[in-house]
Number of protein chains: 2
Amino acid sequence: MSDTPQRQQSKRPRVTIVDVANSAGVHVSTASRALNPGTSHRISSKVVRKIEKVAEQLGYKRNSLASSLRTQKTGTIGLIVPNLSDPLFSPIIASVEERVAQDGYVTFVANSDYSPAKLRSIVERMSGQFVAGLVVASFELNDPSVDLCLELGIPTVAVLRDPRDARISSVAMDDASGVQAMVEHILDLGHRDITYVTPPLAASTAQNRLVGFNAATRLAKAAGCRFNVVEARAYDVVEGERIMTDMLASGLTSTAVLAFNDLLAVGCLVALKSAGVACPGQISLTGVNDLPFMNMLSPPLTTLHTAGRDLGFESADLLMSLIKNHVQPVKRVLLTPHVVLRGSTGPARKSEPTSDPSSIAARSGAITV
Amino acid sequence: MSDTPQRQQSKRPRVTIVDVANSAGVHVSTASRALNPGTSHRISSKVVRKIEKVAEQLGYKRNSLASSLRTQKTGTIGLIVPNLSDPLFSPIIASVEERVAQDGYVTFVANSDYSPAKLRSIVERMSGQFVAGLVVASFELNDPSVDLCLELGIPTVAVLRDPRDARISSVAMDDASGVQAMVEHILDLGHRDITYVTPPLAASTAQNRLVGFNAATRLAKAAGCRFNVVEARAYDVVEGERIMTDMLASGLTSTAVLAFNDLLAVGCLVALKSAGVACPGQISLTGVNDLPFMNMLSPPLTTLHTAGRDLGFESADLLMSLIKNHVQPVKRVLLTPHVVLRGSTGPARKSEPTSDPSSIAARSGAITV
DNA sequence: ATGAAAGCGCTAACAA
DNA sequence: TTGTTAGCGCTTTCAT
């Protein structure tokens, strides 16, 4: 760390539209019209060209604050995620930003930290900044902030997590069917005692995945299989490790563990390794999201792929059209997650009665189903 | 995907400070002063309380656009990164956002996509939004956008990548010393033929790491060791795989490969596995950054730890004080990366003459040096 | 096709 | 301590 001379800001006075008008020898309103795509056709093209030239020469930049104050429109949208550090949100952030930039919008990003109270205050703050719209990945089920957004009149689209409010559009993964497919894969492998690790059911993701698990297991349960749900308190690796350690300590009988997401699954994997339990030899393990590097773990993690870029793009696209057409049908988009078969799932260790003992999927490399 | 009834926005008329003043029976300016932390002490506390109560009841929210237009100050800062999808930037984004939120600022995030031209246009766009300051992780060496920021009078702090401009503060990792430490670790393991994979030298990170590599190898080179630098064209996994595949095809003699970053290293690892080359048995491999899950790879990757949260926090902190005190000494902060020893590095495969054949570091688990 | 004038909502001299 | 007044830079009726 080194200190050097004083720093100076030049801060030259900014060129305004008045300067442009004066230099061009026209009235401000003429300059304004000429410089606005929507109104420039009302000005003779000769004058438009002249004004544009002068503006260019003077280095004129529109003051978007003043413009927005007058028009009651801003070129900004807000993106709220529950955890900025979770790699799951990186592609969502990137693709939302890309999509809205196509329409000239810039993106505010904020972190709600899985707290409805923080979400509320962020919405208020962003409303104060007059965002043109909001993409929200932080909504819980029946989140009161949905009301807030609607009251404030902010066009809002939910992404990833769906608050299940009939008044609001959403783009999410079809979690239920995804988990269902995963359970079927596990059953195909001959597992007859399966544990699912769920977080608290605050969000749609948590609820839908549990629904999917229960739906998939209903029939098998009648046939004598054992299914078990364990509740985690968080969504991260540390919690996954804690959960699995606990389960092992209290005599886990399951031969397969499905985790709510990859982070919990990775935590489980850490715990398994520490305990010297083979995966998938003794216990098969799966996650959800297919985060970066999940294909590089040892064993590579079988998981459901979450199309982060698609989620972000679709939701931003929906928001853009919502902003353009002030009234619009509510859409509820569901993207289908696909099972990515990798090395963390394998045949059940104890041979149990199986109606269909064949179909053991190949597991070399990553096979997408 | 389902369509349902029409959606409606309520968009009730917004309460202004005039409404508050009228309801409270005072003049607008009094209301303004009462509602501003900096001036409320000039108003009798009785009146302040009354105004605050009325504002609360009416649901008054300051119009920050109008406020900013008048004061020429905004509560927004810009954060520009070269790749929003790279997990490296997640903790930087999160911590910058957290730090500036402490001072009531919201954060614009944008992706420059490793393009100086895009960076320039983003800076211009953000300047148009009147950001109070900029944290930039996208600067290349002698980046022309530095001039632009200075001309526009925007307080700017560089993070991670240092443009090496005497007029601008920066917070970065001490890349040179980090790589130097890494080379020493590799030499200690007995390696005498080492390859370093560098990206193009556009950024300070690339240049400094190469400098560190060269400095560390200078003496050893005189003692007959072989060092070799290979240039990659990008920073990602795919490129790492390509590079390593190429090197193997053209008869790689090195027993250790140092990659510019973890992504390249992971790519190299993929190629090694495909080619059936043992790591670290035949080739040791290292990365830089210590991205999430690098400790879970097989083998776990030896790397330099980049303190993303510290980088973000420090740079944002610097920016906040730069905004407060309009003139301020330029600071150049360097954080020390530490070597994280893991399983991807081991003793050299061919025993070569070694001046110091002892000191083979333990490699079970992650040991931080 | 262009000019005149008002005003978006707020803050900050200047008065009193 | 409070009120008066002007104006940040822009867009947009309403005239001409």
Side-chain angles (χ1 to χ4, degrees), chain A residues 11-52 54-55 58-76 127-130 132 152-153, chain B residues 11-52 54-55 58-76 127-130 132 152-153:
Chain A
K11 195 66 110 186
R12 68 173 59 158
R14 191 142 175 157
V15 179
T16 76
I17 201 170
V18 182
D19 302 325
V20 175
N22 289 345
S23 286
V26 297
H27 194 264
V28 228
S29 57
T30 309
S32 172
R33 285 189 271 253
L35 262 16
N36 266 305
T39 48
S40 59
H41 68 98
R42 300 181 156 277
I43 305 291
S44 75
S45 51
K46 200 194 328 182
V47 177
V48 169
R49 272 197 300 278
K50 166 145 201 199
I51 293 175
E52 279 172 344
V54 171
L58 265 46
Y60 168 74
K61 297 278 187 310
R62 165 191 283 98
N63 183 332
S64 59
L65 254 36
S67 174
S68 296
L69 177 60
R70 184 63 234 257
T71 61
Q72 307 282 27
K73 288 176 192 200
T74 61
T76 68
S127 161
Q129 299 281 346
F130 284 77
L152 293 168
Chain B
K11 194 67 113 187
R12 69 173 59 158
R14 194 145 173 151
V15 179
T16 77
I17 201 170
V18 181
D19 302 327
V20 175
N22 289 344
S23 286
V26 297
H27 195 266
V28 226
S29 59
T30 309
S32 172
R33 284 190 274 254
L35 261 16
N36 266 303
T39 47
S40 60
H41 67 99
R42 300 181 154 278
I43 306 290
S44 75
S45 50
K46 201 195 321 182
V47 176
V48 169
R49 272 196 300 278
K50 167 144 200 201
I51 293 175
E52 279 172 344
V54 171
L58 266 47
Y60 169 74
K61 297 279 186 312
R62 167 194 279 94
N63 184 330
S64 60
L65 253 36
S67 173
S68 295
L69 177 59
R70 183 64 235 250
T71 60
Q72 306 281 27
K73 286 175 196 217
T74 62
T76 68
S127 160
Q129 299 280 348
F130 283 78
L152 293 168

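Values reported hereafter were calculated over all heavy atoms of this structure, with side chains retained and with hydrogens, waters and symmetry mates removed. Residue numbers start from 1 in every chain, and the chains themselves are labelled A, B, ... in the order their sequence lines are given, proteins ahead of strands.
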Inter-residue atom distance [X].[atom1] - [Y].[atom2], 0.5 Å rounding:
X: A/R14; Y: B/L152; atom1: CZ; atom2: CG; answer: 7.0 Å
X: B/I43; Y: B/T30; atom1: CD1; atom2: OG1; answer: 5.0 Å
X: B/S64; Y: A/L65; atom1: OG; atom2: CG; answer: 7.5 Å
X: A/Q129; Y: B/S68; atom1: CD; atom2: OG; answer: 7.0 Å

Distance in angstrom units between [X] [atom1] and [N] [atom2], rounded:
X: B/R70; N: C/dG9; atom1: CZ; atom2: C1'; answer: 11 Å
X: A/L69; N: D/dG9; atom1: CG; atom2: P; answer: 12 Å
X: B/N36; N: C/dC10; atom1: CG; atom2: C1'; answer: 9 Å
X: A/H27; N: D/dT13; atom1: NE2; atom2: P; answer: 16 Å
X: A/D19; N: D/dC8; atom1: CG; atom2: C1'; answer: 13 Å
X: B/N63; N: C/dG7; atom1: CG; atom2: C1'; answer: 13 Å
X: B/Y60; N: C/dT11; atom1: OH; atom2: C1'; answer: 10 Å
X: B/I43; N: D/dT1; atom1: CD1; atom2: C1'; answer: 6 Å

Looking only at side-chain N and O atoms, does [X] come under 4.0 Å of OP1 or OP2 in [N]?
X: A/S64; N: D/dC10; result: no
X: B/Q72; N: C/dT11; result: no
X: B/S67; N: C/dT11; result: yes
X: B/S44; N: D/dT2; result: yes
X: A/T30; N: C/dT2; result: no
X: B/R62; N: C/dT11; result: yes

- Which comes earlier along DNA chain D counting from the 5' end, the contact point of B/T71 or that of B/R42, where each point is its nearest nucleotide?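 Mapping each residue to its closest nucleotide by heavy atoms, the 5'-most match is B/R42.
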- A/L35 and A/I51: CA distance, side-chain angles, deciding distance, side chain to side chain contact (heavy atoms under 4.5 Å, CB included) verdict: CA-CA 8 Å; A/L35 262 16; A/I51 293 175; 3.7 Å; yes
- Base D/dG3 to side chain B/R33, donor-acceptor N/O within 3.5 Å cut-off: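 For B/R33, whose side chain was compared with the base of D/dG3, there is a donor-acceptor pair (under 3.5 Å).
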- Side-chain contact check for B/T16: nearest option of D/dG9, C/dC10, D/dT2 is C/dC10
- Message: Nearest to the side chain of B/S29, heavy atoms from C-beta on, is which of D/dT2, C/dA12, D/dC10?
- Response: C/dA12
